[in-house]
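First comes the structure, then the notes that go with it.
Scope of the values below: all heavy atoms of this structure, side chains included, with no hydrogens, waters or symmetry mates. Both counts, for ligands and for their atoms, begin at 1 and track the order of listing.
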Amino acid sequence: MKAVCEALPYVFEFEASRTALIVIDMQNDFCSPGGFGERLGNDISPTRAIIPVISGLLDAAREAGLLVVHTREGHLPDLSDCPPAKLERSRRQGAGIGDPGPMGRILVRGERGHDIVPELRPIEGEIVIDKPGKGAFYATHLDSLLLNRGIEYLILCGVTTHVCVHTTLREANDRGYRCLVLEDATAAYDRADHEAAVRMVRQQGGIFGWTAFSSSWMEALHAKDN
Ligand code: TIU
């Protein structure tokens with residue numbers, strides 16, 4: 001039987017056994033002092049504020065036995081997978097990809113800034129997708145991994161709402177996944193960007209999918225067993 005979650009623009013129905021929780025880029029570089037996000041000139045308090053909300057989602061997903069996927073944005077130490085256009089623009093903003101910082105080289109795999117924040121560290125058996133772009137499908141094996149497990153429903157949380165969450169959402173939607181964006185478990189540095197991004201998801205009858213609050217989704221997940 002499908003679980004039914006209160007959502008916009010209308011209820012989101014999902015089968016738990018065919019659902020994955022996708023936690024996008026909850027890395028020190030986006031959420032911790034001295035990371036890429038802060039060095040781009042942003043206030044990181046919005047991205048830090050969702051850490052406890054996502055921690056609750058992880059507890060619920062783990063308890064229900066859902067597939068959990070974590071993503072990380074970053075590049076190889078020699079930056080050979082970083083397009084020059086991306087590199088040049090990051091340098092213009094004073095946070096060059098690969099530059100040394102308080103948490104190691106910015107957005108480079110293996111550095112502390114690239115790690116997922118300690119509160120949300122993946123546990124044994126969870127999947128971590130390393131991606132060079134904003135979307136989690138581009139240049140990764142995420143699509144085949146989800147298809148091989150029969151996943152059809154994606155629950156999206158993480159940062160930032162209008163950049164990596166939206167890019168992943170759009171990639172997923174075009175591939176036929178049914179996507180729910182949790183609006184209190186996603187964040188952007190600028191509130192207006194977050195709100196616009198959330199609103200876009202559910203426009204035109206749910207052009208990219210659905211939005212809901214985390215509590216509604218967790219209630220639906222819980223209720224399916226009762
Ligand atoms: N993860 C993600 O959203 N990457 C970004 O670069 N986001 C910004 O908002 N800069």
Side-chain angles (χ1 to χ4, degrees), residues 21-51 53-54 57 69-76 79 81-99 101 103-109 111-117 119-122 127-140 142 154-173 179 181-201 208 211:
L21 176 68
I22 314 284
V23 184
I24 299 173
D25 299 3
M26 290 302 291
Q27 298 161 256
N28 289 317
D29 263 331
F30 298 111
C31 305
S32 300
F36 180 61
E38 194 176 67
R39 291 179 57 160
L40 286 171
N42 299 304
D43 168 16
I44 56 166
S45 54
T47 61
R48 289 204 70 71
I50 61 170
I51 293 173
V53 184
I54 297 181
L57 292 170
V69 177
H70 304 258
T71 72
R72 299 187 296 202
E73 179 180 350
H75 297 280
L76 298 168
L79 306 186
D81 61 349
C82 184
K86 183 179 183 184
L87 190 58
E88 285 161 21
R89 278 176 289 131
S90 70
R91 287 181 177 151
R92 274 182 173 264
Q93 286 300 109
I97 294 168
D99 287 353
M103 286 186 295
R105 295 177 64 204
I106 292 176
L107 283 190
V108 169
R109 294 182 193 165
E111 304 285 350
R112 194 157 67 83
H114 181 263
D115 280 348
I116 291 170
V117 296
E119 298 91 328
L120 306 178
R121 199 168 279 144
I127 292 156
V128 179
I129 296 283
D130 281 321
K131 60 187 182 69
K134 304 302 180 193
F137 288 83
Y138 169 69
T140 73
L142 180 61
L154 302 184
I155 312 304
L156 301 180
C157 61
V159 296
T160 57
T161 324
H162 61 311
V163 182
C164 291
V165 175
H166 240 268
T167 307
T168 301
L169 166 72
R170 290 170 187 230
E171 289 179 322
N173 179 59
C179 300
V181 176
L182 296 176
E183 62 177 285
D184 58 334
T186 47
Y189 299 115
D190 182 320
R191 184 82 205 160
D193 289 339
H194 172 76
E195 283 170 4
V198 168
R199 190 171 159 269
M200 270 179 226
V201 178
F208 297 122
T211 68

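Taking the charged nitrogens against the carboxylate oxygens, Arg121 and Asp115 have no contact shorter than 4.0 Å, which rules out a salt bridge. Between Arg92 and Glu88, no side-chain nitrogen of the basic residue sits less than 4.0 Å from a carboxylate oxygen of the acidic one, so the salt-bridge criterion is not met.
Contact annotation: the side chain of Thr71 never approaches that of Thr168 to less than 4.5 Å [non-hydrogen atoms, C-beta and beyond].
Scanning all protein heavy atoms for the shortest distance to atom 8 (C) of ligand 1 gives Thr160 OG1, 3.6 Å. If you check which protein heavy atom lies closest to atom 5 (C) of ligand 1, you get Phe30 CE2, 3.5 Å. Nearest protein heavy-atom contact of atom 4 (N) of ligand 1 is Glu73 OE1, 2.9 Å. Shortest contact from atom 6 (O) of ligand 1 to any protein heavy atom: Lys134 NZ, 2.9 Å. For atom 10 (N) of ligand 1, the closest heavy atom belonging to the protein is Leu40 CD1, 4.0 Å. Here the heavy atom of the protein found nearest to atom 2 (C) of ligand 1 is Cys164 SG, 2.6 Å.
Between the side chains of Lys86 and His75, at least one donor N or O lies within less than 3.5 Å of an accepting N or O.
Phe30 and Glu73 get closest at one heavy-atom pair: CZ-OE1, 3.4 Å. For Phe36 against Ile106, the heavy-atom pair with the smallest separation is CD1-CG2, 3.3 Å. Here the closest heavy-atom approach between residue Arg91 and residue Gly96 is recorded as CG-CA, 3.7 Å.
Counting heavy atoms closer than 4.0 Å to ligand 1, residue Asp25 contributes side-chain atoms (C-beta onward) but none from N, CA, C or O.
At least one N or O atom of Val159 sits closer than 3.5 Å to an N or O atom of ligand 1. By the 3.5 Å distance cut-off applied to N or O atoms, Val163 is not counted among the residues near ligand 1.
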